[in-house]
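For reference, the structure discussed in these notes is given below.
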Amino acid sequence: MKDINLKINGINIIAKENDTVFKTCIENGIDIPNLCYHPDLDIKYGTSCRLCLVEIEGIRGLSTSCSTKVTEGMSVLTHSDEVLINRKTILELLIENHPLDCLTCEKDGRCKLQDYCHEYGVKGPIFDTVENEISEDDIDDSNEFYIKDDSKCILCGLCVRACSELQVIDAIGFVNRSSDKKVSPAFGKRLSESPCVSCGTCVSLCPVNSLIPKNKKKIRAMDINKTVITTCSYCGVGCQLKLLIKGDEVVGVEPSYSITNKDLLCVKGKFAYGFINHKDRLKTPLIKKDGIFIESTWNEAYELIINKITETKKEFGNGALAGLSSAKVTNEENYLFQKMVRAYFGNNNVDHCARLCHASTVAGLATTLGSGAMTNSNQEIIDSDVIFITGSNTTETHPVLGAFVKQAKNKGAKLIVADPRKIPLAFKSDVYLPLKPGTNVTLFNGMMNVIIEENLQDTEYIKAHTENYDELIKIMKTYTPEYTGKICGVEPELIRKAARTYAEGTKASILYSMGVTQHATGTQGVMSLSNLALLCGNIGKESAGINPLRGQNNVQGACDMGALPGDYPGYQKVFEVKNKNKFSQAWNQKLSDKAGLTVTEIINDSGTGKIKFLYIMGENPMISDPDINHVQDALNKTDFLVVQDIFLTETAMFADVVLPATSFAEKDGTFTNSERRVQRVRKAVNAVGESKPDWVILMEIMNRLGMKEIYNSPEEIFDELAPLTPQYAGINYDRIEKEGLQWPCTDLNHNGTKFLHSTNPARGKGLFKPADYLESDECTDSEYPYILTTGRILYHYHTRTMTGKIEGLNNLFSSSFMEIHPTTANRLDIKDGEMVKAISRRGELITKASVTEDIQEDVLFIPFHFADGAANYLTNTALDPIAKIPELKVAAIRLEKLNPEV
Ligand code: SF4
């Protein structure tokens with residue numbers, strides 16, 4: 001791009017050819033007023049506010065700088081007398097229709113219109129003919145989280161463009177003409193009748209008070225005494241957000257512009273912060289006496305726990321203790337938890353819920369590529385030219401990544417979606433593959449068969465960077481689209497089309513999640529996807545790769561920190577003597593080289609009496625684990641159970657001691673998001689009641705068990721863990737202050753890794769690991785004729801420990817439901833909204849029928865979040881033999897229409 005020399009306000013500036021005057025001003029720190037600019041919105045559609053006008057030498061009149069390109073020798077004045085007079089007139093016209101109720105307006109103090117009026121000396125409307133009072137017709141309060149007030153709208157269009165171009169929802173637009181023009185859902189409907197998903201992007205970008213968050217207390221922008229940038233505590237996207245603090249309370253959230261999420265959040269990040277100060281937060285330790293929880297001091301609770309640990313070790317040996325760490329807490333806390341189990345319980349019986357979501361990813365990708373993490377980065381997805389999404393309802397489970405996928409699609413990317421449910425992205429796809437649950441391996445094999453048969457593979461990449469290709473060719477021969485189609489229920493032509501589309505991409509990205517991993521063949525599913533990526537040379541490339549979308553905010557970090565029974569931090573195997581010696585020396589304790597028990601084994605052994613002492617931090621197996629009746633039985637039989645959490649969860653009810661922890665907003669630390677980016681978590685408010693950060697609780701317990709180290713801050717823990725964890729060795733708090741670093745970051749001069757395997761796969765060569773299709777553990781039969789599959793919805797998170805406390809989310813979805821195809825529903829005479837009973841070999845539940853064509857006939861879907869009608873009463877505990885992940889995605893069930901009297 002050619003350099004262009006120009007003068008702005010008499011200063012010599014070098015701009016790039018095709019840049020606008022506006023962009024050049026912004027980039028050179030020259031103040032240029034605007035009400036409709038956003039860095040990620042195409043500037044060519046700007047010009048709606050006209051405030052950015054400038055005077056250009058030799059051009060008659062004034063020009064809007066956002067629509068004027070720089071030219072060689074141009075001379076621009078941004079604040080000449082003529083410009084100032086005209087800007088003032090524009091502002092006077094804008095407030096002609098704007099109620100001047102600044103004294104009661106929530107935006108007072110942070111309103112761009114107010115700021116500019118102040119700057120340009122606008123005192124009020126200059127005509128007195130225009131109606132500027134608020135009428136009831138102007139207000140739409142039908143959304144659970146925000147109000148639309150048309151009387152305040154200045155028609156800048158930022159909300160409309162953000163909804164359309166950034167979140168790609170198109171819930172609102174301009175309706176009517178001239179003086180009746182306004183922002184509204186189509187046909188003047190209310191927001192509750194529109195496709196709005198309450199992401200709140202429009203609310204965050206509105207420069208005035210036309211889009212206002214609903215808040216029970218009256219909060220003006222000027223009351224906010226502090227804003228703290230931190231990392232969202234919901235999903236693995238890891239959005240950066242600003243907590244708005246009034247006094248010592250979080251009263252709002254705004255996106256913090258970052259490389260991770262740009263300026264986007266979803267409904268949970270934006271509006272679901274009310275759990276932080278919720279009245280039900282645990283405030284003191286609780287000890288159960290005669291079946292009733294009694295408030296205790298920290299000292300009493302600690303003494304009881306320490307005595308139990310000591311007694312259990314003495315009487316039953318170290319193997320009788322176990323702990324479940326947490327994908328919700330920080331890296332530092334996960335590191336301390338596994339240190340406690342390994343160094344002070346004396347075994348490796350530590351695991352966490354990654355076992356239930358991506359254990360097969362860690363096992364599969366480590367085998368084929370040498371690293372079990374997302375290969376590429378969030379923002380790279382926007383530039384992919386093909387995106388293959390399988391087993392991930394991305395717009396609901398990772399909403400901001402879902403928006404990036406839609407942005408890529410708008411830029412021309414081809415989209416392939418494989419899912420048993422017609423998920424929202426399926427409607428936008430170029431190829432939709434409605435496969436039967438449990439048939440992933442055969443579908444991926446079918447696609448590879450087509451690619452090999454039609455010679456679409458990347459032969460050069462295969463020769464240079466892979467091994468075991470002959471085996472792949474041999475096994476794929478059988479999987480013709482016709483053969484594959486019979487098993488997975490997809491038309492052979494669609495399989496061909498998907499294969500060709502994927503292979504023709506120059507930057508083809510695979511996104512997958514638990515629809516692939518939560519099977520008894522989960523590891524084979526992951527390795528088959530890896531085969532597909534290697535076959536087409538989509539590894540080690542920007543905007544391509546194979547990308548497991550990790551579920552919870554810090555599930556990646558919990559794995560990295562060694563909250564796994566076979567791995568020290570950094571996936572260093574416990575059975576290797578050199579690793580044992582390294583950690584033994586660092587912690588000054590004897591360690592075991594025997595791999596510990598997994599989540600499911602710990603629960604089993606708690607039920608059989610082998611595990612006597614169980615410590616659960618921030619997990620809720622009573623909702624999240626398969627076969628809840630079995631979990632309940634096991635927890636009932638556990639001799640001594642400690643639960644550390646922020647609320648009295650369904651699992652905490654079974655505890656002997658409950659320890660109150662702080663939420664993410666009340667502590668410092670780091671989370672590692674799905675794209676391997678280590679980001680800061682920052683304390684914004686003080687701890688509720690006597691609750692303590694998890695790291696303080698763990699340290700105080702370990703100190704009582706003999707640990708000498710006293711950590712004064714999470715940073716000191718990070719400084720201990722980083723040199724012990726090769727991928728984190730170059731990371732420290734100073735380096736991640738601004739925007740985090742992506743591992744591997746191996747020394748202080750390393751700038752982190754945007755995408756993995758750039759020269760070669762981490763294991764040297766990419767390994768093809770082809771597998772034949774195996775049936776799911778539990779197939780349908782005459783007694784259990786339907787397949788149940790489970791998943792998540794946009795409006796709740798995991799076991800609802802946090803989202804279940806948010807009124808707006810509960811108003812939208814407060815209890816479980818079951819999606820049923822109309823044909824299945826008709827056969828059983830079930831109507832939409834009726835209650836049904838679902839029964840599997842393990843348990844039963846009652847839930848509400850939601851009849852929809854978006855699910856296949858005889859396949860049923862229940863979101864697993866809800867305690868009432870919990871899907872996991874029905875799910876199967878059959879395990880993947882390699883990763884030991886349960887087959888949560890396929891269970892055979894029977895369905896009964898419930899008697900109206902029941
Ligand atoms: Fe939080 Fe995930 Fe939503 Fe981002 S997409 S705001 S990380 S829940």
Side-chain angles (χ1 to χ4, degrees), residues 145 162 166-169 196-205 213 229-244 250 252-276 327-328 330 357 374 377-379 381-382 392-407 424-425 511 513-514 547-557 663-665 670-682 739-740 791-806 808-809 812 863 865:
F145 304 99
L166 302 181
Q167 291 281 5
V168 199
I169 302 287
C196 173
V197 290
S198 304
C199 66
T201 306
C202 57
V203 180
S204 296
L205 293 187
I229 295 175
T230 190
T231 304
C232 179
S233 67
Y234 284 110
C235 88
V237 177
C239 294
Q240 294 300 286
L241 36 89
K242 270 185 228 153
L243 301 182
L244 311 181
V250 178
V253 174
E254 294 292 351
S256 175
Y257 196 94
S258 77
I259 197 160
T260 310
N261 54 304
K262 305 271 189 178
D263 226 359
L264 306 186
L265 296 177
C266 75
V267 58
K268 297 183 286 288
K270 171 76 182 165
F271 294 114
Y273 55 84
F275 70 90
I276 299 166
K328 303 260 17 121
T330 63
C357 60
M374 195 164 153
S377 303
N378 290 353
Q379 84 275 14
I381 289 163
I382 300 172
S392 159
N393 186 1
T394 319
T395 51
E396 300 211 40
T397 58
H398 299 82
V400 166
L401 269 190
F404 289 173
V405 169
K406 289 185 282 181
Q407 286 184 25
L425 281 176
L511 308 184
S513 197
M514 288 177 274
N547 296 296
L549 306 183
R550 309 301 298 258
Q552 299 205 62
N553 54 319
N554 199 32
V555 68
Q556 183 65 55
S663 73
F664 82 115
T670 55
F671 293 153
T672 304
N673 74 354
S674 194
E675 55 168 0
R676 299 168 279 104
R677 188 181 300 278
V678 183
Q679 304 186 111
R680 278 299 313 275
V681 176
R682 294 183 181 87
E739 68 176 14
R792 300 175 180 197
I793 59 170
L794 172 66
Y795 295 99
H796 279 289
Y797 207 74
H798 210 57
T799 65
R800 283 176 77 242
T801 307
M802 301 186 299
T803 53
K805 306 291 184 295
I806 310 298
L809 297 178
L812 293 168
H865 309 292

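Side-chain atoms are counted along with the backbone in the values below, which use heavy atoms only and exclude waters and symmetry mates. Just so you know, ligand 1 is whichever comes first in the structure, and atom 1 is the first atom listed for that ligand.
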| query | Are the side chain of N673 and the backbone N or O of R677 linked by a donor-acceptor pair below 3.5 Å? | reply |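 A pair under 3.5 Å: yes.
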| query | How close do D263 and L205 get, heavy atom to heavy atom, and via which atoms? | reply |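 For D263 versus L205, the nearest heavy atoms are OD2-CD2, 3.8 Å.
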| Donor on one side chain, acceptor on other, Q556 and S674, under 3.5 Å |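 Judged by distance alone, the side chains do not pair up.
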| Between Q240 and T231: side-chain donor-acceptor atoms closer than 3.5 Å |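 Short answer, yes.
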| query | What's the count of protein N, O or S atoms under 2.8 Å from atom 1 (Fe) of ligand 1? | reply |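 Step by step: take atom 1 (Fe) of ligand 1, keep protein N, O, S below 2.8 Å, and you get 1.
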| Option passing side-chain contact (heavy atoms from CB on, under 4.5 Å) with P399 (candidates L265, L794, T394) |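 With P399 as partner, side-chain contact (heavy atoms from CB on, under 4.5 Å) holds for just one option, L794.
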| message | Any non-hydrogen side-chain atom of T230 less than 4.5 Å from a side-chain atom of L241? | response |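 Answer yes - side chains close enough.
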